[in-house]
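Notes to accompany the following structure.
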Number of protein chains: 2
Amino acid sequence: MRRFNRSYTQRIGALEDSFLGVGLPLGAARLLYEIGIAPASAQALRTRLGLDSGYLSRLLRRLEDEGLVAVVPDPRDRRRRRVDLTAAGRRRWEQLERRSDERARLLVEPLSPRQRERLVAALAEADLLVRAATVQIDQVNPGSPAARKAVGYYFAELNRRFGFDAAGEADKDAVALSPPTGVFLVASSDGEPVACGGVQTIGPGIGELKRMWVHGGWRGAGLGSRLLRRLEAAAAGLGHTIARLDTNEALTEAIAMYQHAGYRRVPRYNDNPWATHFFEKPLDGPAERPDGGA
Amino acid sequence: MRRFNRSYTQRIGALEDSFLGVGLPLGAARLLYEIGIAPASAQALRTRLGLDSGYLSRLLRRLEDEGLVAVVPDPRDRRRRRVDLTAAGRRRWEQLERRSDERARLLVEPLSPRQRERLVAALAEADLLVRAATVQIDQVNPGSPAARKAVGYYFAELNRRFGFDAAGEADKDAVALSPPTGVFLVASSDGEPVACGGVQTIGPGIGELKRMWVHGGWRGAGLGSRLLRRLEAAAAGLGHTIARLDTNEALTEAIAMYQHAGYRRVPRYNDNPWATHFFEKPLDGPAERPDGGA
DNA sequence: GCGCTTGTCTGACTATGGTCAGATAACCGT
DNA sequence: ACGGTTATCTGACCATAGTCAGACAAGCGC
């Protein structure tokens, strides 16, 4: 892995160089590129690129002076400034895009089509795994925007898969999945939720896992089992010794994962009309090392 | 590929950061690291890192002042300065190493062992292909150091595989594989020869491919066929319409490659005691586009 | 309306990375 | 010994990247 880093960055350092040669220093070019991907408020850009507010202000000024971006106050909060590309800025952005593409094309040019496919496949695999490794799992309030977004995706998928109707469900969660008797976790990558799940208390020593979901594009990266381990640790942290969950027979991957993780089928323990399968697993207690932190 | 670059460098930019936090600016740390891998002359470092001579001089001075490197004049040419780490520099270098390792370890920590294997395999594959794509093929004099080194590897391998004795062979090459009647190509990566091959004239319109070799660690990256195409183009450039070559039955991969490239077996056309198989292929002439440049 | 917070901007400052034009000394061929 | 070349060093110079403290205006809770 270290070896790869070395040889790759050495050869692809060229990638960064491609930001040069358009008459902008690297910092300004990165900013321009970021704005081009998605116009945003100055503050959003600051967090996305990790810049100092003063520094960003100056960079923006520079881009504005060159006529590449337009900065206007946000009508809803006039402290904020919204930034977008001008027509000239968009042209410059496309120039950056073309240069980067050109670089990539030149690099793979000596390879045969077969080899290019192999390279693309290898990079895609590495990309998925690296992204998966850097997914961040946070405990959040079930009413928070991040949680609502994740659960929204979850409900949408249930609806697609077996016609689930989400009416009123979210409100119950807000209480049940909050401390002190519940927990809600959201896993996110680049600020987008990619998985979520919660624990609620349904009896003395009994926790129920709820709203467990993994984004479709992220299956097969071990995210589900990682989240499951974290939820079990959270349940143990709430003092539970048994974890239960219900699910629908349509969710075959999820069921396979539960069984692989040591869950055994049990008889129906609630009256959830959408549930067809019920599982249970004894918890080891909080002594066990949970997940490794990330 | 672009996508990978973006997400990877974003997350692994951390790698570069690991050069920080040891009290050295990035440039100095890179230099220190490079020296630690292999002590060298100032000039060699300059080309390896692509630095300005003045800049390098100052960086070296700085490292010397901090007692991390020792700079001594080369006894054979006192204009040159040889650079090596001091004991303190070696310790600092190991600190860099440990930090980088630690970074890598932290990154893959959330992954399961199975996934780590997948990541390592994917990166190794990508590494090989990217290295292969950036291999540089140059025409050199068969007497040049690069050529001698490559042919040395070649003879060593022949010796291992079927007891070949190289006595006197190199001297013949020096004339036969030089212009105007011959050509010699060396493919190198990071300054190390990884493949070579030459063309000599053995009759009117007939070129013979000689000394064709690909480094063991580079098989399966398409380097052989790329070099072969270049050699055929070179032979066509010399005015030949037929390419011939002899080889030993022990070199099974090479034989497979020749056949795949359109070579057909012909009867023995010389008295080379080491050769057991003989091949020939008509050349299309120099009109055809050779290799794509690299 | 008042105080606090948030979002942005400005000025002042620093170190780094990098370039360029000589200066100097050692080597090389003749 | 001489002129040219090579390897390095030095001084002068510049833009970039980044930090920090404070100014200022707009929102927010009460």
Side-chain angles (χ1 to χ4, degrees), chain A residues 9-10 13-14 16-35 39-66 68-84 145, chain B residues 9-10 13-14 16-35 39-66 68-84 145:
Chain A
T9 51
Q10 201 177 79
E16 292 283 295
D17 294 355
S18 71
F19 273 167
L20 298 169
V22 286
L24 287 176
L26 198 137
R30 281 203 310 167
L31 179 57
L32 180 75
Y33 188 72
E34 200 65 33
I35 296 169
S41 68
Q43 147 217 40
L45 290 169
R46 222 165 51 213
T47 55
R48 252 154 68 185
L49 289 168
L51 299 174
D52 173 81
S53 75
Y55 185 32
L56 175 72
S57 175
R58 256 175 281 265
L59 285 178
L60 275 178
R61 168 75 72 85
R62 170 163 187 167
L63 291 177
E64 207 180 359
D65 286 351
E66 298 199 29
L68 300 173
V69 306
V71 182
V72 294
D74 186 326
R76 278 165 311 180
D77 179 346
R78 294 212 314 287
R79 287 170 308 178
R80 283 200 191 137
R81 316 253 274 140
R82 293 206 55 84
V83 186
D84 201 349
Chain B
T9 50
Q10 200 176 81
E16 293 282 295
D17 294 355
S18 71
F19 274 166
L20 299 168
V22 285
L24 288 175
L26 198 137
R30 280 203 312 166
L31 179 57
L32 180 76
Y33 188 73
E34 200 65 32
I35 297 169
S41 68
Q43 149 215 42
L45 291 169
R46 220 165 53 212
T47 55
R48 252 153 70 187
L49 289 168
L51 298 175
D52 174 83
S53 73
Y55 184 31
L56 175 72
S57 175
R58 254 175 283 265
L59 284 178
L60 275 179
R61 169 75 73 87
R62 171 164 187 166
L63 291 177
E64 206 180 1
D65 285 350
E66 298 200 29
L68 299 174
V69 307
V71 182
V72 294
D74 185 324
R76 278 165 311 180
D77 180 345
R78 294 209 316 285
R79 288 169 308 178
R80 285 200 188 133
R81 315 253 273 139
R82 293 206 55 83
V83 186
D84 202 350

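To find a chain, count down the sequence lines: A is the first, B the second, and so on, and within it residues start at 1.
Here the closest non-hydrogen pair linking A:Ser53 and A:Arg46 is CA-CD, 3.3 Å. In terms of heavy atoms, B:Ala28 sits closest to B:Leu63 at O-CD1, 4.0 Å. Closest approach of B:Ala42 and B:Leu60 over heavy atoms only: CB-CD1, 4.2 Å. Residues A:Asp84 and A:Pro39 approach most closely at OD1-CG, 3.3 Å, considering heavy atoms.
Along DNA chain D, the nucleotide nearest A:Arg78 and the nucleotide nearest A:Leu51 are compared for position; the residue whose nucleotide lies closer to the 5' end is A:Leu51. Of the two residues contacting DNA chain C, namely B:Leu59 and A:Arg82, the nearest-nucleotide position lying further toward the 5' end is that of A:Arg82. Comparing A:Ser41 and B:Asp74 by the nucleotide of DNA chain C whose heavy atom lies nearest to each, the residue mapping closer to the 5' end is A:Ser41.
Residue contacts for A:Asp77: at a heavy-atom cut-off of 4.0 Å it reaches the sugar-phosphate backbone alone, with no base atom in range. The residue B:Gly27 sits close only to the backbone: its heavy atoms come under 4.0 Å of sugar-phosphate atoms, none of a base. Nucleic acid contact for A:Arg58: base, since at least one base atom lies under 4.0 Å from a heavy atom of the residue.
The base of C:dT6 sits with one of its N or O atoms less than 3.5 Å from a complementary donor or acceptor on the side chain of A:Arg79.
A straight line from CG of A:Asp65 to P of C:dT10 spans 10 Å, rounded to a whole angstrom. For B:Arg76 and C:dC28, the CZ to P distance is 12 Å, given to the nearest whole Å. In this structure, the CD atom of A:Gln43 is 17 Å from the P atom of C:dT5, given to the nearest Å. Protein atom OH of A:Tyr55 is 17 Å distant from nucleotide atom P of C:dT8, rounded to whole Å. As a whole-Å value, the separation of A:Asp52 CG from C:dT8 C1' is 11 Å.
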Yes or no on salt bridge (charged side-chain N to carboxylate O under 4.0 Å, His left out) for B:Glu34 and B:Arg30, after CA distance, side-chain angles and deciding distance?
CA-CA 6 Å; B:Glu34 200 65 32; B:Arg30 280 203 312 166; over 6 Å; no
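Of all nucleotides listed (C:dG17, C:dG7, C:dT16), C:dT16 comes nearest to the side chain of B:Arg62.
Put simply, the side chain of A:Arg81 never gets that close to the backbone of A:Ser41: no donor and acceptor are under 3.5 Å apart.
Read 5' to 3', the first and last nucleotides of DNA chain D with an atom closer than 4.0 Å to a heavy atom of chain A are D:dT16 to D:dG27.
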